[in-house]
Asker: 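Sharing a structure, written as structure tokens. Questions coming.
So that the names make sense, note that chain A is the first sequence line, chain B the second, and so on, each numbered from 1. Just so it is clear, the model here is predicted, and its values are computed rather than measured.
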Amino acid sequence: MSRIRANTATALLARGEPMVWLSGGGLVVALLMVAGLVGFVFWQGLTTFWPGPVLQIQTRDGNVVLGEVTRQESFRPEPGMAELQEKSAARALKEELAGGAGRLERRLIRTGNYELTGEHFQWVEQFRIPMGGQTTPPWALVLERTAWGRFYGELVAYVVDDSILSTDSESAWALFRKNHDGAEDPLPEGHALRLRISTGVTHDVPLQDIVRAYAPNQLGLGGKIGVYFGRWFEFLTAEPREANSEGGVWPALFGTVIMTLGMTILVVPFGVMAALYLREYAQGGLMISMVRIAINNLAGVPSIVFGVFGLGFFSYIIGGSIDAIFFADKLPNPTFGTGGIMWASLTLALMTLPVVIVTTEEALAAVPNSMREGSYACGASKWQTIWRVVLPRSLPGIMTGAILAMARGAGEVAPLMLVGAVKLAPELPVDGVFPFVHPERSFMHLGFHIFDLGFQSQNSEAAKPMVFTTTMLLMGIILFLNGAAIYFRSHLTRKFTGSKF
Amino acid sequence: MNRNAQQSGTGSFTGQRFSRKPRKSVLFTDTLARRLITASGIGSIIAVSLVGLFLVWVVLPLFTPTGLEEVSESVQSTGAASADSAVPSMVHQAMDDYGSLVWSLHADGTILVHEVDGGKLLARRIVRPGVSVTAVKASGHQGRVLLGYADGTMQTVKVGFDVSYHNDSDLPDTFASLSVGERASHEQGLVERTPEHQLRLSRLTIQADEPVSLGTDPIVLIDGSETSGGLVVAALDAAGVLFDRQLRWRKNLLTGELRVRSTGSDLRLEDLRASRGTPVALVLNDAGDRLLLAEIDGTTSVLRRDGEGEYAAVAAVDLVPDPNAKLTALAFIAGRVSLAVGDDQGGLSVWFPVRETPTSQPRLQRVHELDEHHGVVTALASSGRSRLLLAGYRDGKIRLYHVTSHRFLGEADLEQGPIVAAAISPREDLILAANRERNALFHLDAPHPDISFSALLRPVWYEGYPGPVYAWQSSAATDTFEPKLSLVPLIYGTLKATFYSMLFGLPLALLAALYTSEFLHRRTRSRIKPVIETMASLPSVVLGFLAALVMAPFVERVLVQVLAVLFCAPFFLLLGAHLWQMLPRRSLTRLEPWRPLAVLIALVAGMWCSWQWAGPLEQIGFAGDVKLWLDGQIGSGITGWFVLLLAPAALLVGWWNTIQGEVLIRGRGPGWIRWQLGMLDLGRFLASTAATIVLALFAAWMLSSSGWDPRGSMMDTYVQRNALVVGFAMGFAVIPIIYSIAEDALSAVPDHLRAASLGAGATPWQTAFKVVVPPAMSGLFSAGMIGLGRAVGETMIVLMAAGNTPIMEMNIFNGFRTLSANLAVELPEAVQNSTHYRTLFLAALTLFIMTFLLNTIAEVVRQHFRRKSSQL
């Protein structure tokens, strides 16, 4: 091997700058991925409830479209698209094509009025719109209804039982405010808003069908904020409507919380006791270290496998036995012999048990032996030592484990699909009906809600705002729990280690 | 000890006396706590390990041997040798859904009804007394009987079971005392107490249509097939005339009577086929469009029958290729597509029509070879709902097979005489086998006959397929559908998902971990690490949803850009590095903490450029439309090879650079100043890039011009939800795990090693790569293993973003179905304890074992690493 004299050249090569940059690139990409994902979800989630303007677009061929812009994209037109257009549109199309490198702009307009038009959305290409073809009519209303989705139209009159109470928009709006927003439940029957839809026809929408109405083109900032928070309030507290694509997620939120709580109540005591047994009571040896490896490994077993176990063992075998003994009269309809919130909690408890055992054991191991010895020297029994000395010291670690388990449990969906999460469960697992807690009921879950909205929904475009807000809610809960775990781990540990002697 | 305690107790320094004995309550709590903790601790550990055991417990019955045991008291007289000597030999028998009644068809057209248990004769019916029966056929599993007579007429009979439920008051009092499951005969039928405490009355209904006149000679062979256009019947008489009839039933509106109308033609057999032998068997397939006429030596003419009743010979096959063997049994199995053939040498095979190419005519082929040399096959019976095939032999043995899986399930022996007819009950729990002496009843316990290791893991030739395949298809709309339960496509999908996600995630995570632990300031590191670890807690349903509904449509639109970024980003990173190192040394040291920002700028520049260049690239490389190109419609494969070969070429050039190129720069060492060397290095880098491109292009051109096209294997038709998207989305799941463990491993390398290396004059990169990484290697390995385990078991992302079609394609632009996604999709619908259910549990067990093994390897390696690093 020849000797290499150190000089500027070798120094340059030895820096290995390209490799450092590649590894830095890895880090930056990873960080960008996190930031991009979280940012995207929160941006979409936070903006989706903001009321946008209602546009009235008159295209070159005389069609009128009334609605809100959902999104905008550029697309590559089919060859021969220009030939199909009338003259002025074709010219605009060609100009745009030439300017935009072969691509055209188009906007997806939410037009609503599903019972009249048969569609919720409509694409409008930019070249179809002539100069001045786009207006924002001041009395264009957005109605959120209990059925059929949104309704867009210009307010014409306020109608009570076919007699017109008010013919100008302003007073009709005032009447609506008085009778809808200001009225007690139930809403007055026979009252309706008469709206002119984009085709020029008028249509009456009964007040009872209206959840919320607003005129976005007139709303000031305060009004928009009002609508925005009103929607958030409804989202968090109301039941879902329209195959889950409208309304709220209260049952799913409630189901998630109850299921996670049930799981935590089950997993923490047993996990802590198993860890105490392993760390404080069991005699060390090959057996125990093998158990430890096995438990470590079980933490890495896929969640769906626990779901399979939960379905086969809890629902079918244990639940089936309970049914055969106590609910034989209802058979063959299962009571406990199918998915339910109790089985879901148990399954997730089993799944998170290894996590809790491992973190608790680590926390117990971190308590210095000198403290135990000191306690024994003072005459304390083993249990007294554990209860008064070891457990308080390891509490932050145990809390961290419990919170991590909660975060994992709350975000897990795959096993729940097998053991009881459903698309729609109007009956909550805890309610005012005797016996108040119904462990056999199936439940809704935020994660499953996302899956269902994104994949099973017929009108996935209309469901998108709900998916993003639900996703944001779930991510918010989980990030909060993880933040709490990180806080506990760093702050409380520091507090306790300060008093080490 | 005891004395010491007493001494110290009495001689207290303060004079106060302390009790040396602990209080009872303390002792009690201590014992209680110990017992409770031990019990719940062990209990929890057992509960967790129960998971694996339970899976095994559910899966095991799939592989238990079949039980076939004779129920001794169920003997019934059957044929000529018995006291009931008026009844000639049985040709067919069938049981009802409950396994309580059996009807048998005899050679003279007599139909007998017996009780299954005990064999009591309940009813006897001769359909057309006085005319001698010359051909008998019970066709299919719907109870259709066809009779041909000596006077050249034929008759169809429908045999069915009439089941009605009654309360105790409806039937005579004698049945009131029946307990659940008990049976008693009543008016040629059978009454049974159901678990719901009703009385179920099962009776046989025999509905004979009026005879249809065909010709004048005796009918010798007859068969019929129910089709959508009515019952198609083919009959052959002694004079060699083939009668084709299509029967339709009309209800007379006045009398409510069913009348049969027949249409059809009469054909001369010798006009239709080349062979002149005497047919011994005649069968019609399910659609009624193929007629098979078999001769004793196995020579079989296949006639095609079109909708108008015109026949044409399409092929001749030899069902018994062995020249010494004679055809002795021929029968359709469920669905009337597959034909079971038995010969007198013991050969037993199953044939069905196979289309070699999608457009070619189907040809009858010997697909399953079930048995060799167990004697003369005398009777064949199949189950109405699955591919169970029962063969009866001349020496009185019966053997049960599952056709598709080639599994031999069991055998039994009736000892005397040849088996004449056998039946499998509709629920597949009973078997009846008759010889001339008696009819013996067997209990059959074969819950999962179609599962074996070879069926799960080897290609299987299913009916209607051109050859053996790996297929997963668990359910379909039709009754005769056969579930296809091969785990291979699912395992393939799992490995594909794992491979692509690791290809993306593993290098990224390891590089990120290296940079974090070696090149970041301690304070920055403690902030960055939790951020990436947060990514681990992102619910996978969120990742799946974003992958499927946001990323997949996006990537589809910007596919060229995405492909370009894969190469532009590293190029711009390296370019940035070469520019960066040209900075003066002093500013380099000052700017060190800002390097990640510079990296970010380089990455953004790479992305910007690939967006800019995408249009021209698509024009040049993919003939203007990448999706059509991938579909193989336009362009040549050269770009595909180029994309695939670029990375290997870059590695090759890089490797050459480290051994040869560096010498070039080192040689210039003295006398050159820093920026000049930097320029030289930059030049070298640009030259290497050019060399890489030229090399890849050349190799691509070579491969492409020798006729190989990468489209069709590595890349093919674009599907929106594909492995590329899944790989990227799974990156979110595996990167934080690998990163976290790898970073821990790197940070665990003691600082004195770094200090020594830096002190000896090594640069930070040399320290990181040559001093820190080697001892941390096992930790990095275990990080990879644990990431692999996570990727294998990930469910929601693949469920939502992988399209879920169980296909086996390497194509990165196509979807797949993994074991885990399959569980999530199918388990909720699987019937408990069915074959499907247990196979799904087997899939779960496979996942469990795979991850358990990966994690154990990782754990063992990590402990080894801990021991080693503690010695450093």
Asker: Check step by step if ring-ring contact (aromatic ring centres under 6.0 Å, His included) holds for B:Phe504 and B:Phe732.
Answerer: CA-CA 10 Å; B:Phe504 171 69; B:Phe732 285 92; 8.1 Å; no

Asker: Taking CZ in A:Phe270 as the centre, count heavy atoms belonging to other residues, nucleotides or ligands within less than 6.0 Å. Is the count above 12?
Answerer: no

Asker: Select one option (side chain, backbone, both, neither) describing which atoms of B:Arg34 are under 4.5 Å from chain A's heavy atoms.
Answerer: both

Asker: Name the region of B:Asp681, side chain, backbone, both or neither, that has any atom closer than 4.5 Å to a heavy atom of chain A.
Answerer: side chain

Asker: Highest number of heavy-atom pairs under 4.5 Å with chain A: which of B:Trp57, B:Trp580, B:Phe519?
Answerer: B:Trp580

Asker: Under 4.5 Å from any heavy atom of chain A, what part of B:Val51 do you find: side chain, backbone, both or neither?
Answerer: both

Asker: Which region of B:Leu588, side chain (C-beta onward) or backbone (N, CA, C, O), has a non-hydrogen atom less than 4.5 Å from a non-hydrogen atom of chain A, or is it both or neither?
Answerer: side chain

Asker: Check side-chain hydrogen bond (donor to acceptor under 3.5 Å, both in side chains) between B:Thr516 and all other residues, then give those that pass, not counting sequence neighbours.
Answerer: B:Tyr739

Asker: Using non-hydrogen atoms and a 4.5 Å limit, figure out which bit of B:Phe848 sits close to chain A: side chain, backbone, both or neither.
Answerer: both

Asker: Assess whether a salt bridge exists between A:Arg292 and B:Glu859, defined as any Lys/Arg side-chain N lying under 4.0 Å from an Asp/Glu carboxylate O.
Answerer: no

Asker: Side chain, backbone, both or neither: which part of B:Leu799 has a non-hydrogen atom closer than 4.5 Å to chain A?
Answerer: side chain

Asker: For B:Pro828, is it the side chain, the backbone, both, or neither that has a heavy atom closer than 4.5 Å to a heavy atom of chain A?
Answerer: both

Asker: Would you mind checking which part of B:Ala729 comes under 4.5 Å of any heavy atom in chain A, side chain (CB onward), backbone (N, CA, C, O), both or neither?
Answerer: neither

Asker: Just give me the residue among A:Val29, A:Ile386, A:Ile486 that pairs up with chain B most often, heavy atom to heavy atom, under 4.5 Å.
Answerer: A:Val29

Asker: Measuring heavy-atom distances to chain A, does B:Leu50 have an atom under 4.5 Å in its side chain, in its backbone, in both, or in neither?
Answerer: both

Asker: At a heavy-atom separation under 4.5 Å, does A:Val308 approach chain B through its side chain, its backbone, both, or neither?
Answerer: both

Asker: Name the region of A:Phe313, side chain, backbone, both or neither, that has any atom closer than 4.5 Å to a heavy atom of chain B.
Answerer: both

Asker: Let me know if A:Leu32 has heavy atoms under 4.5 Å from chain B in its side chain, its backbone, both or neither.
Answerer: side chain

Asker: Would you mind checking which part of B:Ala39 comes under 4.5 Å of any heavy atom in chain A, side chain (CB onward), backbone (N, CA, C, O), both or neither?
Answerer: neither

Asker: Measure B:Leu573 against the heavy atoms of chain A and call it side chain, backbone, both or neither at under 4.5 Å.
Answerer: both

Asker: Are more than 12 heavy atoms, taken from residues, nucleotides or ligands other than B:Arg557, located less than 6.0 Å from that residue's CZ atom?
Answerer: yes

Asker: What I'd like to find out is whether the side chain of B:Glu518 reaches to under 4.5 Å of the side chain of B:Phe769, using heavy atoms alone.
Answerer: no

Asker: Taking atom CZ of A:Phe75 as the centre, does the number of heavy atoms from other residues, nucleotides or ligands within less than 6.0 Å exceed 12?
Answerer: yes

Asker: With chain A as the partner, which of B:Ala577, B:Gly793, B:Gly505 has the greatest number of non-hydrogen pairs under 4.5 Å?
Answerer: B:Ala577

Asker: Between B:Val792 and chain A, with a heavy-atom cut-off of 4.5 Å, which part of the residue counts as in contact: side chain, backbone, both or neither?
Answerer: neither

Asker: When only heavy atoms count and the cut-off is under 4.5 Å, which of residues 474-482 of chain A reach chain B?
Answerer: A:Leu474, A:Met475, A:Ile478, A:Leu479, A:Asn482

Asker: Does any heavy atom of chain A fall under 4.5 Å from the side chain of B:Leu55, the backbone, both, or neither of them?
Answerer: side chain

Asker: Can you say whether B:Leu819 sits under 4.5 Å from chain A via the side chain, the backbone, both, or neither, judging by heavy atoms?
Answerer: neither

Asker: Has B:Met607 got more than 12 heavy atoms of other residues, nucleotides or ligands less than 6.0 Å from its CE?
Answerer: no

